[in-house]
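Working notes for the structure below.
Model, not experiment: these values are computed from the prediction.
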Amino acid sequence: MSSIWEDLDDLVNKSSSFSVKGGERGTIKPRANFDAGDDAVALRKAIEGLGTKEKTLVDILTHRCSAQRQLICEAYQDATGRALVDDLRGDTGGDFQDLLVALVTPPAVYDCHEVMKAMKGAGTADDVLIEIFASRSTEQIRALTDVYLQETEKKVTLDLKSEVSGDFGDALLLLAEGKRDDSTTVDMEKAREDAKALYDAGEKKWGTDEAKFVEILCTRSIPQLRQTLVEFKNISGKTLQQSIEGEMSGDIKELLVAVVKCVKSVPAYFAERLYQTMKGGGTDERTLNRIMVSRSEIDLLDIRAEFKKLCEYSLHSAIESDCGGDYRKTLLKICGGDDD
């Protein structure tokens with residue numbers, strides 16, 4: 001499985017999910033001839049009739065883009081005086097309900113709520129925080145933090161500070177501040193300098209200077225970091241990911257490896273995450289929902305292709321054999337097709 005991460009050929013010229021605009025690599029597209037009012041009426045009938053007509057809910061909510069689903073929510077509220085999300089909660093259950101709620105929640109609000117849940121109660125769901133803050137663009141992180149401030153009247157970084165500590169905390173806070181450089185130009189000299197600094201901070205010394213890794217990996221632009229990955233391999237003979245895995249442990253290792261993987265290929269990172277949600281006994285539905293919904297308009301087509309490369313079977317067939325009922329039907333509609 002690691003081999004996909006070792007190949008850095010042509011990395012600098014490959015397109016990146018961080019800069020995708022307009023969702024051409026998504027599986028869910030805006031519906032033509034869209035009428036929010038008509039959809040709201042159909043949903044109302046499906047919910048208020050005798051027994052819920054799940055097929056209507058699934059067909060409408062998986063064939064409209066997120067912006068259109070928000071217009072449906074407004075039309076539904078105007079027509080019924082009730083929030084669609086509340087009616088879905090009252091009328092459906094389990095994983096199916098969670099998935100429908102995710103679909104009608106605006107992306108930044110959904111990300112924000114996932115971060116809140118990850119920090120709630122005793123202990124922290126570090127894997128969720130790592131996934132979200134390592135994979136989101138600066139724009140998405142800023143949108144998430146804006147929602148957090150509106151809903152809690154506190155900065156997300158303030159709450160994170162009380163939950164996480166050490167180098168892991170420092171790295172997560174840097175990412176959550178949305179301070180990553182957005183520049184698309186690459187400074188070759190700087191990439192060589194950073195690669196050398198990373199080599200000196202890890203491979204070359206006894207013990208590791210994690211702070212140097214955090215500073216470079218959490219603030220440089222994606223194109224700049226891609227060049228740095230190539231330069232690092234030239235200097236050390238191994239990939240930066242291999243170096244981090246050999247030099248570090250615990251949460252800081254997990255976070256920095258996730259950052260490096262996302263710099264290299266966000267779709268491959270998510271393909272691996274999806275594989276992990278469904279392997280062995282039981283399914284991590286929460287992560288499965290989050291990835292399927294949050295990537296459905298960005299790069300789910302690419303994630304499907306990477307999943308097929310990784311597992312030699314399709315994401316569609318994995319969902320089919322791992323999930324059931326209306327939940328499975330909804331996920332398959334979001335998945336959008338089979339690659340077998």
Side-chain angles (χ1 to χ4, degrees), residues 17 19-49 52-92 95-114 132 135-137 139-140 142-144 146-147 150-151 267 270 288-304 315-316 319 326-337:
S17 292
S19 53
V20 166
K21 287 278 179 278
E24 61 272 13
R25 304 302 299 154
T27 53
I28 295 182
K29 313 270 191 228
R31 185 178 175 83
N33 310 318
F34 163 71
D35 188 312
D38 287 353
D39 284 345
V41 169
L43 289 171
R44 182 180 184 172
K45 281 184 188 158
I47 289 171
E48 289 178 354
T52 307
K53 295 182 178 55
E54 284 85 0
K55 186 178 184 307
T56 306
L57 303 183
V58 174
D59 284 348
I60 291 177
L61 296 177
T62 59
H63 289 99
R64 311 289 185 270
C65 69
S66 179
Q68 291 175 334
R69 294 193 292 263
Q70 288 317 298
L71 295 172
I72 294 169
C73 288
E74 285 171 26
Y76 190 92
Q77 178 87 43
D78 291 344
T80 65
R82 300 189 305 269
L84 175 57
V85 69
D86 293 339
D87 279 2
L88 289 173
R89 281 201 178 103
D91 231 56
T92 58
D95 299 320
F96 178 53
Q97 178 196 98
D98 292 342
L99 187 52
L100 294 184
V101 167
L103 284 167
V104 298
T105 306
V109 177
Y110 182 53
D111 273 353
C112 172
H113 290 171
E114 286 295 290
I132 289 176
S135 68
R136 301 304 192 252
S137 67
E139 199 182 327
Q140 287 174 309
R142 285 177 189 153
L144 178 174
D146 286 348
V147 174
Q150 281 163 16
E151 293 201 3
F270 279 121
L288 181 55
N289 290 353
R290 187 174 54 250
I291 296 173
M292 294 298 286
V293 173
S294 67
R295 307 315 292 186
S296 61
E297 289 176 57
I298 301 172
D299 53 6
L300 192 50
L301 289 172
D302 298 324
I303 293 169
R304 269 170 40 185
L315 178 57
H316 193 280
I319 291 167
D326 293 312
Y327 178 57
R328 172 171 65 189
K329 285 177 196 159
T330 315
L331 282 172
L332 291 176
K333 285 268 188 0
I334 296 169
C335 183

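Side chain of Q70 to backbone of A67: no donor-acceptor contact under 3.5 angstrom is found. Of the possible polar contacts, one joining the D35 side chain to the D38 backbone as a donor-acceptor pair under 3.5 Å is found. A donor-acceptor pair under 3.5 Å is formed between the side chain of K29 and the backbone N or O of E24.
The OH atom of Y76 lies 3.5 Å from the CG atom of D87; values are rounded to the nearest 0.5 Å. The distance from atom CG of L144 to atom OH of Y110, rounded to the nearest 0.5 Å, is 12.5 Å. Rounding to the nearest 0.5 Å gives a distance of 8.5 Å between CZ of R89 and CG of D98. Atom CG of L71 and atom CG of D39 lie 10.0 Å apart (nearest 0.5 Å). Atom CD in Q77 sits 14.5 Å away from atom CD1 in I72 (nearest 0.5 Å). A distance of 7.5 Å separates OG1 in T92 from CG in L57, rounded to the nearest 0.5 Å.
Here the shortest heavy-atom pairing between G26 and L301 reads O-CD1, 3.5 Å. Closest heavy-atom contact between E54 and F96: CG-CE2, 3.6 Å. Nearest heavy atoms, A143 versus A108: CB-CB, 3.7 Å. Pairing each heavy atom of C335 with each of T27, the nearest pair is O-CG2, 3.2 Å. The nearest pair of heavy atoms linking D59 to R64 is O-NH1, 4.3 Å. Scanning both residues, L84 and C73, for their nearest heavy atoms gives CD2-SG, 4.1 Å.
L315 places a side-chain heavy atom less than 4.5 Å from the side chain of M292. A heavy-atom distance below 4.5 Å is found between the side chains of S17 and R295. Contact annotation: the side chain of F270 never approaches that of I298 to less than 4.5 Å [non-hydrogen atoms, C-beta and beyond].
By the 6.0 Å contact criterion, CZ on R31 is open, its count of non-hydrogen atoms from other residues, nucleotides or ligands being 12 or less.
The side chain to side chain contact (heavy atoms under 4.5 Å, CB included) with T62 is formed by just one residue from the set L99, L103, L331; it is L103. Of the residues K333, K53, H63, the one that meets the side chain to side chain contact (heavy atoms under 4.5 Å, CB included) test with V58 is K333.
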Q: Step by step, work out the side-chain contact (heavy atoms from CB on, under 4.5 Å) result for T105 and V293.
A: CA-CA 10 Å; T105 306; V293 173; over 6 Å; no

Q | Stepwise side-chain contact (heavy atoms from CB on, under 4.5 Å) test for E151 and V109 | A | CA-CA 9 Å; E151 293 201 3; V109 177; 3.9 Å; yes

Q: Mind running side-chain contact (heavy atoms from CB on, under 4.5 Å) on Q97 and L88 for me, showing each step along the way?
A: CA-CA 7 Å; Q97 178 196 98; L88 289 173; 5.7 Å; no

Q: Step by step, work out the side-chain contact (heavy atoms from CB on, under 4.5 Å) result for S294 and R136.
A: CA-CA 10 Å; S294 67; R136 301 304 192 252; 3.5 Å; yes

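The list of salt bridge (charged side-chain N to carboxylate O under 4.0 Å, His left out) pairs with a residue in residues 67-78, not counting sequence neighbours, reads R69-E297.
There is a side-chain donor-acceptor pair under 3.5 Å between N289 and Y327.
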